[in-house]
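Written out below as structure tokens is the structure these notes cover.
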Amino acid sequence: MTTELVHGQNHPLPGTTLEVRVSAGTPVVAGVSLGDGQGRVSGPGSVAHPGAPRLPGIEVPARLAAEQRVIADLAAVPAEVDRVHVLLALPPVAGAPTRFGACPAPHLTVHGSDGAPVASFTVTGLSSEAAIVALELYRRQGAWKVRALGQGYAGGLAELLRDQGLGRPEADAVAARVADAVRPAPAVPSTAPPPVATPPPPPVPPTGSPAGTVRPNPAPVAGDASGWSMEERLHNQVWGMFEDLARTIAAYRSAVDFAESRLGQELDTLLADPRARVGPAAEAARDQARARQEELVDRARAVLDRDLAQLTAEAEVVEPALPPPYAGWESPVWHGYRVPAEPPMAVRLGDLHLPERPELRIPLLVRLPLERGLWVDSAQDRRRAVDVAVALAARLLASHPAGECAVHVIDPAGSAATALAPFTDSGALREPPATGAAGVAALLARLTERVDLVQMALRADVPFEVPPGVDPARQVLVVNDFPYGFDDRTINQLRYLADEGPQVGVHLVLVAAREDAREYGPLLDPLWRSMMRLTPQPDDHLADPWVGHAWTYEPLLAPPGSAVLSQVLRQVAAARRTYDPGRY
């Protein structure tokens, strides 16, 4: 039975030898791009199109047609390829339509090695698009899946390829080569008989696998993603899980919405006919409509449960394998912590989950160095917000080698003394927290001066030649009870650090409630918008980059009664004193 996919839905593939059949209702260009784990293509040589119809494991038609066939042997694609995108584009020839919205909706069917249909997808909702990424064949846990995308580009094939990583000259060159390949040749008189069209050969079953054999999903393995190191592979695997969960939930919600919409339409049709409103026949028709709706929802739920079970199994093997910067504070890896020799790719800021399966948590990994500051919203719970900020600062400090990161604290009223105890007692702070208006002004002046000096060195192309006394390490500034203790001058200095600091190694962690800062009016609005908002209690305020779901964010705190933060910070302080005893 063929599975009809909706936007974002995925489906396992029975093998690696496939044929994708396209029915577009108008002549189209069919192509394929080969991408890495992030979907980025390495160059024009990773794109199959009518001007270059063959790549390792891939063959596309070299002509325009309303019916197209793309052959894929996924076992033969390069090992670094994790995503195979099936592309459709309208041809830039006279008389051809210029947008998919003026054409019948393209329909694609994926067939297995035995010719049986596996999954199909109708690309609906198109308007001004001239090129689309219709399907994505992607590798997960050593097996291949198909995902319905239907992502369109009004700028045509060149814009699509630029979005996949090609530079403008390369993307334009590929689009021009496609145009040359599909442009009709001038008519030449000939007495020779027309050539006989030869159908493409049927796909060949993979060696050692009987045609039609469905391979079960392999057991999940930690680090089963592309990357040069285990850390990079784990990072990419977590983001792959994040994307899979986002699209799986999107497909389920789309299917449920479709079932509800169809039920509403059927009931409206029954009510529109006065003869069908009452009586046994009318009641039976309504029951049948509700039964069809329930059947669609049940099928969507079965697919969702299957995908969630696979993701849950993957999370259960990935979580214990995460290194300290990616792991929760309860993980045993923190008890065996050692100060790293190199900074990590990313750090974990918390967990994300969706209401359909709240127990399935996805680590929120953010790349280092941080591109923007963190605003820990204290409106919900002021004390817990300080604890979250301290845990974040400790994680950032512990994720860097000795001497490559320093933490400063502004606590104008001294209200965070208890929460800051792991820092102050361990000696991880180079200086006590700044208090009072004078302390706030002095610390901000030093950090502002550091930003200015480093920027001057960068502009002079001598990034390592900063004046003596300027700490070259990354600086993390934790500000509690903002804007208490600040005046107009220090507010502007803080805004300057938020805008210019990340590029030169100064990062902010603010503990603040927006309501407390409203007296400053529009002065603080740019600061609020420029920072990433985190909450001390679970809150659904973060969106993913693929579908835009509202994800519930949950912060990471040490388990109650645990001394893990103090133990880690003591090791950081000891390593720093050994690294530079004169300074520390």
Side-chain angles (χ1 to χ4, degrees), residues 1-11 21-26 28 66 88 90 97-110 117-130 132-135 146-152 154 245-308 354-358 540 543-544 546-552:
M1 178 179 177
T2 308
T3 298
E4 178 67 31
L5 303 178
V6 297
H7 284 271
Q9 187 176 358
N10 62 52
H11 188 75
R21 301 178 187 176
V22 180
S23 176
T26 188
V28 295
L88 300 179
L90 294 172
T98 58
R99 60 188 185 92
F100 274 104
C103 310
H107 181 78
L108 298 93
T109 306
V110 181
V118 177
S120 62
F121 175 48
T122 302
V123 190
T124 58
L126 298 175
S127 177
S128 61
E129 297 87 349
I132 55 176
V133 182
L135 293 176
V146 59
R147 175 182 288 131
L149 288 184
Q151 182 176 353
L245 182 56
R247 296 192 184 279
T248 292
I249 296 298
Y252 170 72
R253 293 178 180 177
S254 176
V256 171
D257 290 344
F258 172 76
E260 294 288 347
S261 174
R262 195 173 79 168
L263 173 63
Q265 292 173 0
E266 291 180 349
L267 294 179
D268 288 343
T269 301
L270 291 172
L271 290 173
D273 184 357
R275 295 168 298 178
R277 292 179 184 174
V278 295
E283 189 62 34
R286 287 192 287 270
D287 290 342
Q288 291 172 2
R290 294 188 183 97
R292 285 190 291 271
Q293 181 257 344
E294 291 174 359
E295 181 186 2
L296 287 174
V297 172
D298 289 344
R299 285 167 52 189
R301 187 73 210 189
V303 173
L304 176 67
D305 289 342
R306 179 204 68 197
D307 292 345
L308 291 181
L354 290 170
E356 282 82 358
R357 186 63 66 85
D540 58 346
D544 65 78
W546 304 283
V547 183
H549 291 315
W551 291 76
T552 297

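Numbers for residues simply follow the sequence, beginning at 1. Keep in mind that this is a model prediction, so the values were computed, not measured.
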Task: Shortest non-hydrogen contact from Ala255 toward Ala300 - done: CB-CB, 3.6 Å

Open item on the list: Testing the 3.5 Å rule here: is there a donor-acceptor pair between the side chains of Arg21 and His107?
Closed with: no

Open item on the list: For the CD atom of Gln9 and the OG1 atom of Thr3, what is their distance to the nearest 0.5 Å?
Closed with: 7.5 Å

Task: Minimum-distance pair of heavy atoms, taken over all atoms of Thr109 and Pro117 - done: CG2-CB, 3.9 Å

Open item on the list: For a quick test of reading the model, state the closest non-hydrogen atom pair linking Ala259 to Val297 and the distance between them.
Closed with: CB-CG2, 3.9 Å

Open item on the list: Between Glu4 and Thr122, is there a side-chain heavy-atom distance shorter than 4.5 Å?
Closed with: yes

Task: Residue pair Asn10 / Thr248, side-chain heavy-atom distance below 4.5 Å - done: yes

- [ ] Quick one: pull up NE2 in His549 and CZ in Arg253 and give me the separation to the nearest 0.5 Å.
- [x] 5.0 Å

TODO: Answer yes or no: is there a donor N or O on one side and an acceptor on the other, between the side chain of Glu260 and the main chain of Asp257, under 3.5 Å?
DONE: no

- [ ] Answer yes or no: is there a side-chain heavy-atom contact under 4.5 Å between Cys103 and Leu90?
- [x] yes

Open item on the list: Quick check: do Leu296 and Arg292 have side-chain heavy atoms less than 4.5 Å from each other?
Closed with: no

Task: Pairwise side-chain contact, Leu88 with Val123, heavy-atom cut-off 4.5 Å (strictly under) - done: no

Task: Shortest non-hydrogen separation from His7 to Thr124 and the atoms involved - done: NE2-O, 3.5 Å

Task: Glu294 side, atom CD; Arg290 side, atom CZ - distance, nearest 0.5 Å - done: 9.0 Å

TODO: Measure the NE2-CG distance between His11 and Asp307 for me, rounded to the nearest 0.5 Å.
DONE: 9.5 Å

Task: Carboxylate-amine/guanidinium proximity below 4.0 Å for Arg301 and Asp298 - done: no

Open item on the list: Within the 4.5 Å heavy-atom criterion, are Val547 and Arg247 side-chain neighbours or not?
Closed with: yes

Task: Taking every non-hydrogen atom, the tightest pair across Gly152 and Ile132 - done: CA-CG2, 3.6 Å

Task: Least distance between heavy atoms, Phe100 atom then Leu126 atom - done: CB-CD1, 3.6 Å

Task: Validation row: Asp305, Glu356 side chains within 4.5 angstrom (heavy atoms) - done: no

Task: Spacing of Leu354 atom CG and Tyr252 atom OH [to the nearest 0.5 Å] - done: 12.5 Å

Open item on the list: For the residue pair Asp544 / Trp551, report whether a side-chain donor-acceptor contact shorter than 3.5 Å exists.
Closed with: yes

Task: Arg147 side chain near Leu135 side chain, heavy-atom distance below 4.5 Å - done: no

Open item on the list: If I take atom CG from residue Leu108 and atom OG from residue Ser120, how far apart are they, to the nearest 0.5 angstrom?
Closed with: 9.0 Å

